[in-house]
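Any value given below was found using the heavy atoms of this structure, including those in side chains, with hydrogens, waters and symmetry copies removed. Index from 1, following the sequence. Note that ligands are numbered from 1 as they come in the structure, with each ligand's atoms numbered from 1 the same way.
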Amino acid sequence: MKVLVIGSGAREHALCRSLSLDPDVTALHCAPGNAGIAEVAELHPVDALDGEAVAELAAGLGAGLVVVGPEAPLVAGVADAVRAAGIPVFGPSREAARLEGSKAFAKDVMAAAGVPTARSYVCTTAEEVAEALDAFGAPFVVKDDGLAAGKGVVVTDDLEAAKAHAAGCDRVVIEEFLDGPEVSLFAITDGETVVPLQPAQDFKRALDGDEGPNTGGMGAYSPLPWAEPKLVEEVLETVLQPTVDELHRRGAPFSGLLYAGLAITSRGVRVIEFNARFGDPETQVVLARLKTPLAGVLLAAANGTLADLPPLRWSEDAAVTVVVASHNYPGTPRTGDPITGLDEVAAEDAPHAYVLHAGTKRDGDAVVSAGGRVLSVTATGEDLTEARERAYRAVGRIRLDGSQHRTDIAAKAAQAAQAATA
Ligand code: AMP
Ligand code: GLY
């Protein structure tokens with residue numbers, strides 16, 4: 001099978017890495033890709049947001065499967081254009097992707113499906129905003145209704161800051177603060193059958209100790225030794241299946257990856273958000289643990305045959321990924337800085353640790369930074385402690401002027417797991 005992956009982040013590098021290890025994949029292509037993806041796939045300089053161009057590329061390559069990585073092309077209808085060209089595509093329609101593209105739509109679907117989530121108000125005027133903030137009290141949660149790459153959400157105790165964020169958006173969702181650890185649970189679905197993957201945890205804040213602004217994600221790990229063993233089953237029953245069924249009922253079946261961002265509160269599991277695609281950086285750790293070859297799973301979702309698929313097989317290993325970001329991320333990042341040490345990681349740390357590229361490109365012989373999140377350094381180990389050690393050893397070999405990374409990815413979970421077995 002020839003496969004075309006759309007996107008250019010570390011998530012797409014992780015997808016391409018897994019697909020490149022799948023014996024059923026005879027050729028792997030990516031548009032537009034990055035310097036790391038170029039090592040496992042042939043790159044094509046096609047605009048990921050242009051559905052016609054993507055469909056034309058896929059047809060020209062004879063692709064038997066197109067995998068759309070990021071949300072923006074999905075919301076722009078790229079999966080619809082590929083499907084209309086008769087090519088199997090992993091990724092929801094524009095209509096179904098509204099689950100991520102509009103927080104207000106997601107809230108409406110959840111209400112109809114009885115899915116537990118934070119109570120919320122959709123506001124368009126300063127008066128409505130002030131009333132909603134007053135109704136919930138601090139900490140205030142203010143979300144831009146549209147796509148904002150994980151950066152449209154402000155959680156703050158400062159009423160003026162909450163109002164100021166709302167004033168900068170056309171339409172906002174203001175909601176109740178959810179206390180408790182966060183879990184990202186992904187499910188692959190063909191619009192009817194839902195196959196959950198292993199849960200992961202992401203670190204959304206820029207700085208150690210969950211300080212600083214929200215980012216797209218600074219690191220992740222899987223599994224979650226502290227989570228209830230029944231978590232996945234419970235979320236499948238109370239969140240994932242009802243949501244997929246509701247979209248089916250509305251005539252907008254969701255096929256592709258349904259990402260539930262969850263808070264495990266004292267009153268039970270609540271949905272923080274849905275995304276319509278694999279999470280970044282959680283995908284890096286989830287796929288590091290998936291033993292079932294990936295292409296067949298994604299194709300079954302695209303073709304509506306997930307019910308026939310045997311259960312997924314998972315490695316017992318733990319996986320950790322640490323994001324190396326540019327100077328000033330999540331603000332306007334500095335780009336064009338050379339990255340060195342990548343060869344050392346490949347020579348010293350493989351196969352347990354490896355570097356997935358996000359914002360990188362080639363500049364002659366050099367690899368230079370080209371975005372906010374630059375690398376996602378990923379490692380596996382017998383437990384989180386070993387996976388962390390390996391990931392951070394590899395991070396230590398990489399040099400990128402002005403770069404930043406968190407030093408506490410998976411630290412608490414690793415410690416707790418060690419204490420439990422001691
Ligand atoms: P979202 O884009 O909706 O995932 O929000 C980004 C981040 O903001 C989440 O991962 C949470 O850390 C935080 N957040 C969002 N909604 C809430 C909420 N209702 N209560 C507490 N934290 C939230
Ligand atoms: N890691 C958060 C996201 O992919 O939205």
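Near Glu175, meaning under 4.0 Å from any of its heavy atoms, are these atoms of ligand 1: 16 (N), 17 (C), 18 (C), 19 (N). Against a heavy-atom cut-off of under 4.0 Å, Arg277 is close to the following atoms of ligand 2: 3 (C), 4 (O), 5 (O). For ligand 1, the atoms lying closer than 4.0 Å to a non-hydrogen atom of Leu178 are 18 (C), 19 (N), 20 (N), 21 (C). Close approach of ligand 1 to Val141 is summarised as follows: ligand atoms under 4.0 Å from at least one heavy atom of the residue are 16 (N), 17 (C), 18 (C), 19 (N), 20 (N). Close approach of ligand 1 to Glu182 is summarised as follows: ligand atoms under 4.0 Å from at least one heavy atom of the residue are 9 (C), 10 (O), 11 (C), 12 (O). Residue contact check: Asn275 has heavy atoms under 4.0 Å from atoms 5 (O) of ligand 2. Remark: ligand 2 atoms within the under-4.0 Å shell around heavy atoms of Gly279 are 4 (O). Proximity to Phe177 (heavy-atom distance under 4.0 Å) selects the following atoms of ligand 1: 20 (N), 21 (C). Atom numbering of ligand 2 starts at 1 in the shown order; those under 4.0 Å from a heavy atom of Tyr259 are 1 (N), 2 (C), 3 (C), 4 (O), 5 (O). Using a 4.0 Å cut-off to heavy atoms of Lys143, the atoms of ligand 1 that qualify are 3 (O), 15 (C), 16 (N). Residue Asp202 approaches ligand 2 through these ligand atoms, each under 4.0 Å from one of its heavy atoms: 1 (N), 2 (C). Near Val153, meaning under 4.0 Å from any of its heavy atoms, are these atoms of ligand 1: 1 (P), 2 (O), 3 (O), 5 (O), 6 (C), 8 (O), 15 (C).
For the ligand labelled ligand 2, residue Arg11 lies outside the 4.0 Å heavy-atom shell. Taking 4.0 Å as the cut-off, Arg270 does not count as a neighbour of ligand 1 on heavy-atom distance. Within the 4.0 Å heavy-atom cutoff, Lys103 counts among the residues contacting ligand 1. Distances from ligand 2 to the non-hydrogen atoms of Pro281 include at least one value under 4.0 Å.
Not one N or O of Lys204 is nearer than 3.5 Å to an N or O of ligand 2, by distance alone. Geometrically, ligand 2 and Glu273 share no nitrogen or oxygen pair separated by less than 3.5 Å.
Within the 3.5 Å criterion, the main-chain N or O of Thr124 finds a donor-acceptor partner in the side chain of Glu128.
A heavy-atom distance below 4.5 Å is found between the side chains of Leu258 and Val244. Using a 4.5 Å heavy-atom cutoff, the side chains of Pro92 and Ser255 are not in contact.
By the 30° and 60° cut-offs, the orientation of the rings of Phe186 relative to Tyr259 is tilted.
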Take Thr117 and Lys107, measure what side chain to side chain donor-acceptor pair (under 3.5 Å) needs, and give me the verdict at the end.
CA-CA 8 Å; Thr117 184; Lys107 285 289 186 188; 2.9 Å; yes
Working for ring pair (Phe, Tyr, Trp, His ring centres under 6.0 Å), residues Phe177 and Phe140
CA-CA 7 Å; Phe177 178 77; Phe140 304 105; over 10 Å; no
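With sequence neighbours left out, Tyr221 forms a side chain to side chain donor-acceptor pair (under 3.5 Å) with Gln201, Trp226.
Tested against Ser222, the residues Glu282, Gln198, Arg289 include a single side-chain hydrogen bond (donor to acceptor under 3.5 Å, both in side chains) partner, Arg289.
Geometric assessment of Arg11 against the ring of Phe278 yields a negative cation-pi assignment under the 6.0 Å and 45° thresholds.
Between Arg399 and Asp337 there is no salt bridge, since none of the side-chain N atoms of the basic residue sits less than 4.0 Å from a carboxylate O of the acidic one.
Atoms OG1 and OH, from Thr321 and Tyr354 in turn, are 8.0 Å apart once rounded to the nearest 0.5 Å. Atom CD in Glu131 sits 8.5 Å away from atom SG in Cys123 (nearest 0.5 Å).
The residue Glu100 has no part lying near ligand 2, judged by heavy-atom distances below 4.0 Å. Here Asp179 has no heavy atoms under 4.0 Å from ligand 1, in either its backbone or its side chain.
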